[in-house]
Amino acid sequence: MAQRILVIEDNPDFRDLLTYTLSNAGYTVLAATTGKDGLDTARREQLDLILTDLMLPLMNGYEICSMLKQDVRYRRIPILMLSATKVQEKDEYLAKDCGADLFVLKSIEPKELLAKIRDLLAR
């Protein structure tokens, strides 16, 4: 059975790119367009990994991550946080502080992103 990844991303082009890349790599991909929908989906579905944008409508990536990592039912799910902007030191600190397993820029090459995802799933 394919591993299940939730992509929480409000930019349709980037969401489609992530979905395409992950699907072609053999993962089952679920998608959400707002932070609230992403959190609801994460709580409803059996997931192996979550990729979330930092800036989202209704709830940001930090809030999603913090809520899931504080709940014993979901804290084992690795969360990879994505940012479109140059990472500020405080952004990376906040991501780690709320429980994100990894923080990367959206400009990452698809092959490199897949390698990081494989590493997170292997832990």
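The shortest side-chain heavy-atom distance between D48 and Y27 does not fall under the 4.5 Å cut-off. You'll find the side chain of L113 reaches within 4.5 Å of the side chain of L18, heavy atoms only. The shortest distance between side-chain heavy atoms of K69 and D101 falls below 4.5 Å. Residues K96 and F103 are not in side-chain contact: their nearest non-hydrogen atoms beyond the backbone lie 4.5 Å or more apart. Contact annotation: the side chain of K116 approaches that of I108 to within less than 4.5 Å [non-hydrogen atoms, C-beta and beyond]. Side-chain contact check for L56 versus I64: some heavy-atom pair is nearer than 4.5 Å. A heavy-atom distance below 4.5 Å is found between the side chains of C65 and M81. For the pair L6 and I77, the minimum side-chain heavy-atom distance is 4.5 Å or more.
A donor-acceptor contact shorter than 3.5 Å links the side chain of R4 to the backbone of Q46. For the pair S23 (side chain) and T19 (backbone), a donor-acceptor distance under 3.5 Å is present.
To the nearest 0.5 Å, the span separating CD1 on I5 from CG on L121 amounts to 5.5 Å. Atom OG1 of residue T34 and atom CG of residue N60 lie 12.0 Å apart, to the nearest 0.5 angstrom.
With respect to L39, the side chain to side chain contact (heavy atoms under 4.5 Å, CB included) criterion is satisfied by exactly one of I8, T52, L68: L68. Shown are I50, I79, L102; of these, the side chain to side chain contact (heavy atoms under 4.5 Å, CB included) with L120 is made only by L102.
When only modelled atom types and interatomic distance are considered, Y20 and D16 share no side-chain donor-acceptor pair under 3.5 Å.
A salt bridge between K106 and D53 is present, with a side-chain N of the basic residue lying under 4.0 Å from a carboxylate O of the acidic one.
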Problem set entry | Intermediate values then yes/no, salt bridge (charged side-chain N to carboxylate O under 4.0 Å, His left out), K36 and D40 | CA-CA 6 Å; K36 182 178 179 336; D40 292 344; 3.0 Å; yes

